[in-house]
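Working notes, structure below.
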Amino acid sequence: MTDSIMTAAVRIQGAGGDQVEAYLARPAEHGARGGVVLVHHMPGYDRWSKEVARRFATDGYDVLLPNLYSREAPGAEPDDAAAVARARGGVPDDRLVGDVAGAAGHLRALDSSNGKVGVIGHCSGGRQAVLAACNLDLDAAVDCYGAYVVGSPPETHPMHPLKIRGFEDQLPKLGCPLLGLFGNQDAHPSPDEVAELDRLLTEYGKEHEFHGYDGAGHGFFGADRPSYRVEAVLDGYRRIGDFFARHLG
Amino acid sequence: MCTYSTEHVQLAGSAKGGPGGWRGLGPTTVYFDHPVHAQALHTLNIDFGDPGGEPSGRIALELTAESARELVSAIQRAFGGVPPELLV
């Protein structure tokens, strides 16, 4: 662990060659180390997400947080950008994969890279982390309570089709170990949905470990939210630390 | 969870909020999902979008489910006391 980190706003090449804003946090010292792509949650490229990026940097990783909404609302406040992105139907899955690919490539090109890159996300970002791990060359993935990896939300308006679906059919392509952290009181993903994902990954022979926390619902990592559950967060960060050390070190 | 569900409606009228003062209404989204500021896991959110498309020009509401229902009831009660000929 280090107290000395550097942060910067950078541009990366995302899906379709687009220039995408990103937040880079990395240890100040020299030395080869792994990288982490942090996929922000649906409320956007917000203060909490940047705090999480800095936390993993103090753990010794180069961390890159791409702004998934930078195309829709460049320069806007994160919550305003999230509102615009939502009004336009959200982030298409293929674009997400392209942006994470660009972020992973950016991390591997850093002079401090040891060549290994993991991905982590919370809520919608948890789903997207698994999606990225099914489509990209990554070394570790962490899904914190992402819904709709299996199953899909109901359609609500024919004029505005949802851009997300479950992607059970892509799970055979999962190319790296997966750590899943879930709240046992969460409705989506429910314990049954988590069990189904566990069953499918086991059937496909995919390395994974899932942990569920009693007394925790959805969003328990959110330090600025009433859903925060300190016991789950402390254990969760310990497990993420162990997982990254094993696969990104 | 993120519901991903969003209702879209085009509104006519005006709103006031922010440094720009009064302005017209236009594209509006309504959804029940995570709030940014309200201390609840999920809220009924309304984004009165800026007719000119400026992201920072939106006027945003985050209502608890109970408050959202109370607001709907209050609007219906307000209409209930109005002579029909005025509702044009």
Side-chain angles (χ1 to χ4, degrees), chain A residues 41-44 46-48 69 72-91 122-128 145-148 152-157 159-165 183 185-190 193 217-220 222 224-228, chain B residues 1-21 23-69 71-72:
Chain A
H41 55 175
M42 207 162 175
D46 59 3
R47 181 185 295 267
W48 178 76
Y69 305 149
E72 282 84 2
E77 289 293 314
D79 59 320
D80 292 334
V84 172
R86 185 183 194 105
R88 296 185 187 178
V91 175
H122 305 75
C123 193
S124 59
R127 173 187 177 276
Q128 290 166 325
Y145 41 80
Y148 303 128
S152 295
E155 295 277 0
T156 56
H157 200 302
M159 294 298 289
H160 300 282
L162 293 165
K163 290 180 178 173
I164 71 147
R165 298 280 186 281
Q185 274 64 58
D186 199 341
H188 296 283
S190 67
E193 290 167 343
H218 195 75
F220 60 80
D224 55 355
R225 312 304 309 164
S227 55
Y228 183 74
Chain B
M1 65 166 232
C2 295
T3 65
Y4 298 96
S5 172
T6 307
E7 295 294 328
H8 296 249
V9 61
Q10 191 76 19
L11 298 181
S14 294
K16 184 180 180 182
R23 66 163 176 79
L25 291 174
T28 301
T29 52
V30 182
Y31 50 97
F32 192 75
D33 214 324
H34 303 308
V36 172
H37 186 269
Q39 288 298 299
L41 183 56
H42 297 94
T43 50
L44 189 287
N45 307 312
I46 307 174
D47 290 326
F48 298 97
D50 177 44
E54 174 57 43
S56 64
R58 75 176 173 135
I59 295 172
L61 291 179
E62 296 176 340
L63 302 170
T64 64
E66 181 181 6
S67 290
R69 292 191 180 99
L71 178 61
V72 170

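Quick note on labels: first sequence line is chain A, next is B, and so on, each numbered from 1. Keep in mind that the numbers below use all heavy atoms, side chains included, and drop hydrogens, waters and symmetry copies.
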- [ ] Indicate yes or no: at least one non-hydrogen side-chain atom of A/C123 is less than 4.5 angstrom from one of B/H34.
- [x] yes
Open item on the list: Distance check, rounded to the nearest 0.5 Å: A/M42 atom CE versus B/Y31 atom OH?
Closed with: 8.5 Å
- [ ] Can you establish whether the number of heavy atoms outside B/E66 located under 6.0 Å from its atom CD is more than 12?
- [x] no
TODO: Please state whether the side chain, the backbone, both or neither of A/D46 comes within less than 4.5 Å of a heavy atom of chain B.
DONE: neither
Task: Partners passing side-chain hydrogen bond (donor to acceptor under 3.5 Å, both in side chains) against A/E72 (at least two apart in sequence or in another chain) - done: A/R95
Open item on the list: Show the nearest heavy-atom pair for residues B/A40 and A/P226, with the distance to one decimal.
Closed with: N-CG, 3.8 Å
Open item on the list: Do A/R86 and B/D33 have side chains that approach each other closer than 4.5 Å (heavy atoms only, starting at C-beta)?
Closed with: yes
Task: For B/Q39 against A/D224, the heavy-atom pair lying closest together - done: NE2-O, 3.6 Å
Open item on the list: Does any part of the side chain of A/R225, heavy atoms only, come nearer than 4.5 Å to the side chain of B/P35, both counted from C-beta?
Closed with: yes
Task: Nearest heavy-atom neighbours spanning A/A83 and B/D47 - done: CB-OD2, 3.3 Å
Open item on the list: If you count heavy-atom pairs within less than 4.5 Å of chain B, which of A/P43, A/S124, A/G217 leads?
Closed with: A/S124
Task: Residue part contacting chain A, namely of B/S56, when any heavy atom lies under 4.5 Å - done: both
TODO: Answer yes or no: does atom CD of A/E77 have more than 12 heavy-atom neighbours from other residues, nucleotides or ligands under 6.0 Å?
DONE: no
Open item on the list: Between A/A73 and chain B, with a heavy-atom cut-off of 4.5 Å, which part of the residue counts as in contact: side chain, backbone, both or neither?
Closed with: both
TODO: Identify which part of B/A60 has an atom lying under 4.5 Å from any heavy atom of chain A, answering side chain, backbone, both or neither.
DONE: neither
